[in-house]
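All chains are named by letter (A, B, ...) in the order of the sequence lines, taking the proteins before the strands, and each is independently numbered beginning at 1.
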Amino acid sequence: MGEFAVEMHDVVKEFPGIVRASDHVLAVDHVTLQIRDGEFFSLLGPSGCGKTTSLRMIAGFELPSAGEIYIHGKATGKTPPFQRPVNTVFQNYALFPHMTIGENVAFGLQMKGVSKSDIGRRVQEALGMVRLPGYEQRKPRQLSGGQQQRVALARALVNRPEVLLLDEPLGALDLKLRKEMQLELKTLQREVGITFIYVTHDQEEALTMSDRIAVMDRGRVLQAGSAVEIYEEPNCRFVADFIGETNFIGGTLVSVNGTEGEFVADGLKMIAKVGPDAQAGVSASLAVRPERVRLSAEKPTDTPNAFLGEVREWIYVGNDTRFSVKLAPTVTLRARRQNEVPVGFPILEGPTGVNYWVSWQPGSSRVLVN
Amino acid sequence: MIQRLRENKSLQGTLLASPALAWMIVLLIVPLLLVVVTSFGQRDADGNVIYVFKLDNYVRLTGYTENCAGLGDYFSGFFEALTNPALYDNPEIAQTKCFDPLYVNILWRSVSLAFQTTILVILLGYPLAYFIARSPMKRRNLLLFMVLVPLWTNFIIRVYAWIIILRGQGVLNGLLGGIASALNLPFQPLDLYPSPGAVLVGMVYEFLPFMILPLYTSLEKIEVSLYEAAADLGANPGRTFFRVTLPLSLPGVVAGTILVFVPVMGTFVVSDILGGKQVILVGNLIQRQFLDARDPTFGSAASIILMVMTLIVTFYYTRRFGFGEEITSA
């Protein structure tokens with residue numbers, strides 16, 4: 001015990017249907033998760049995947065239909081939100097409009113019965129931490145969205161919760177402010193050492209900030225792991241597709257040899273990594289990231305996955321040049337090449353229609369069973 | 001001319017406001033001034049108004065009689081009436097006194113009834129308004145509709161309905177008698193009508209919707225996430241109510257209080273029907289002076305006093321709680 005800040009054990013949440021109460025909607029479908037003490041953990045998925053419902057169950061705003069949630073080893077059961085050792089940063093900030101910033105931040109401490117002098121000091125500290133010192137007397141509506149967001153953060157952190165829950169807290173901010181706040185949040189989390197559980201639908205945000213990520217879809221956790229694991233070794237097509245950009249080649253897994261397998265698509269034979277439960281003979285998809293696909297004039301000798309392809313399209317986007325290459329009638333790949341040296345005019349005259357060798361390392365591609 | 005009108009926004013505003021302004025001046029300000037002038041006048045033997053400047057009507061309202069030797073005499077009479085009202089029950093003794101409590105009693109009864117009504121209406125209306133505001137969207141309109149349905153029936157008919165409920169052989173006594181006989185308890189029909197209590201019940205019933213609607217409007221604007229935030233920060237439901245819900249709904253309480261307190265101060269129908277002779281309010285006094293006693297000068301003076309009392313209460317009230325400032329969202 002103590003190793004996990006939050007454990008969700010086989011948690012289910014059903015809501016009554018909107019049209020008929022008997023048509024249950026399964027918002028969270030048997031989710032089991034273990035969130036380590038002190039880590040920055042993200043729940044990532046498209047809207048309606050159950051990530052916010054999961055967070056709300058940890059906060060106590062919703063009670064699970066089945067299963068149990070433990071906070072530092074203690075079962076939460078039907079504990080109401082005001083008795084849980086967690087605090088939430090809401091998507092719309094939810095600052096109390098009739099209170100000053102100081103009163104907002106002090107609210108949680110007052111509820112706990114902290115002494116007046118301590119409250120004053122801690123409120124000051126918390127506002128300093130989010131870089132809003134001296135804002136105690138202002139009203140929430142006098143602050144910009146980004147500032148209100150920071151106040152919401154201070155209001156939660158000042159209570160020194162065991163776990164901080166953040167529900168898409170940056171969703172309402174513009175892109176530049178968002179990027180700034182992402183880094184700030186990450187730094188802040190390292191400083192205070194509190195477990196953060198962060199809900200977002202933005203995969204880049206999750207990759208930037210998180211120690212570990214759980215990818216959710218339709219109420220289920222598909223994969224949980226570090227950014228590297230999720231990106232490099234997605235365990236299913238949804239995860240590979242949702243995180244970053246991926247080429248999928250439809251075909252058949254012909255044979256399995258340990259961690260590698262032979263895959264055939266439209267007559268092309270490829271070698272790729274396979275998951276532990278892969279079986280030969282099933283129809284599957286081969287996933288390979290565009291930035292791992294190389295283009296060369298000579299046939300590369302270091303990989304079995306090398307095919308002659310025709311460049312159908314290419315786009316110059318500054319740091320990258322993006323290609324669309326056709327390997328076989330039904331196999332077209334996207335490839336990305338970083339412009340490490342200034343791109344010369346010859347290439348600008350257009351390699352469209354030119355044949356190039358298209359290749360990638362077996363280790364850069366994975367066979368995902370459909 | 002038209003060109004000038006097109007360019008001048010403030011002229012446009014004046015023009016648009018002028019019909020309502022003319023209406024207010026002709027039908028509110030002018031009559032009000034007439035009432036003020038009349039209140040200082042005197043009634044002749046035939047019931048006509050003689051326009052003079054005398055304070056007699058106001059003096060009469062204070063209960064200062066010809067027996068008084070001065071203000072000190074008056075105040076000692078006032079406190080005597082306050083501490084020992086039984087003294088005044090005998091008309092022969094009362095006649096010899098310096099202070100005549102009749103009108104002061106009426107004024108005090110009106111103010112205290114208005115306060116009681118307002119407080120009861122808040123206590124009854126608040127939970128209902130809160131319940132409606134937190135109901136699912138679809139049910140809210142139905143519930144609000146049900147709050148408003150009684151207003152479709154004539155005001156006087158609704159007050160009369162209370163007679164049927166409260167009188168000696170009425171619905172309530174019948175019901176209580178039935179329960180008592182079923183439980184084998186002795187039962188004496190309650191003397192509920194006419195009485196001050198019946199007037200209070202009638203007032204609360206009449207004015208409840210005027211409290212519920214502004215309260216609902218305020219409560220409905222409070223975002224659910226604010227309740228959640230309070231709970232998240234450790235506030236139990238009671239503390240959430242007093243720290244978040246109540247302060248954010250104050251604009252509704254203020255608006256509702258004004259909508260209830262002001263008309264209750266002046267109404268005379270409810271007290272007339274449900275109070276009989278027992279409950280005479282300022283409204284009844286004014287009505288009788290104009291229609292029965294044919295003394296418009298004294299009726300006008302009572303009207304002015306009523307208006308001044310109402311203004312003083314609403315002034316201090318709105319100074320204390322604001323005038324329904326919008327503070328429900330950031």
Handout entry: Those residues that, when tested against B:Tyr227, pass ring pair (Phe, Tyr, Trp, His ring centres under 6.0 Å) (two or more places apart)
Key = none
Completion exercise
Under 4.5 Å to a heavy atom of chain B? For A:Arg155 that would be both
Exercise for the section: Using side chain to side chain donor-acceptor pair (under 3.5 Å) as the criterion, list what pairs up with B:Tyr216, not counting sequence neighbours. Expected result: none
Completion exercise
What one should report as the nearest heavy-atom pair of B:Ala235 and A:Phe82 is O-CB, 3.4 Å
Practice task
Using a 4.5 Å cut-off on heavy atoms from C-beta on, say whether the side chain of B:Leu226 contacts that of A:Pro97.
Solution key: yes
Exercise for the section: Return the set of residues passing salt bridge (Lys or Arg N to Asp or Glu O under 4.0 Å) with A:Arg131 (not counting sequence neighbours), or none when no residue passes. Expected result: A:Glu184
Problem - Side chain B:Arg239, main chain A:Met111, donor-acceptor under 3.5 Å - result: yes
Practice task
Test B:Ser225 against every option in A:Asp167, A:Thr88, A:Asn92 by the side chain to side chain donor-acceptor pair (under 3.5 Å) rule and name the one that passes.
Solution key: A:Asn92
Problem - CD1-CZ distance between B:Ile222 and A:Phe96, expressed to the nearest 0.5 angstrom - result: 11.0 Å
Handout entry: Residues of residues 118-127 of chain A near chain B, each having a heavy atom less than 4.5 Å away
Key = none
Practice task
Grab the two heavy atoms, one from B:Leu233 and one from A:Asn87, that are nearest each other, plus how far apart they are.
Solution key: CD2-ND2, 3.7 Å
Handout entry: Region of A:Gln110 in contact with chain B, defined by heavy-atom distances below 4.5 Å
Key = both
Exercise for the section: Enter the distance from B:Leu248:CG to A:Met99:CE here, rounded to the nearest 0.5 Å. Expected result: 7.5 Å
Handout entry: Other residues, nucleotides, ligands: >12 heavy atoms within 6.0 Å of B:Phe131 CZ
Key = no
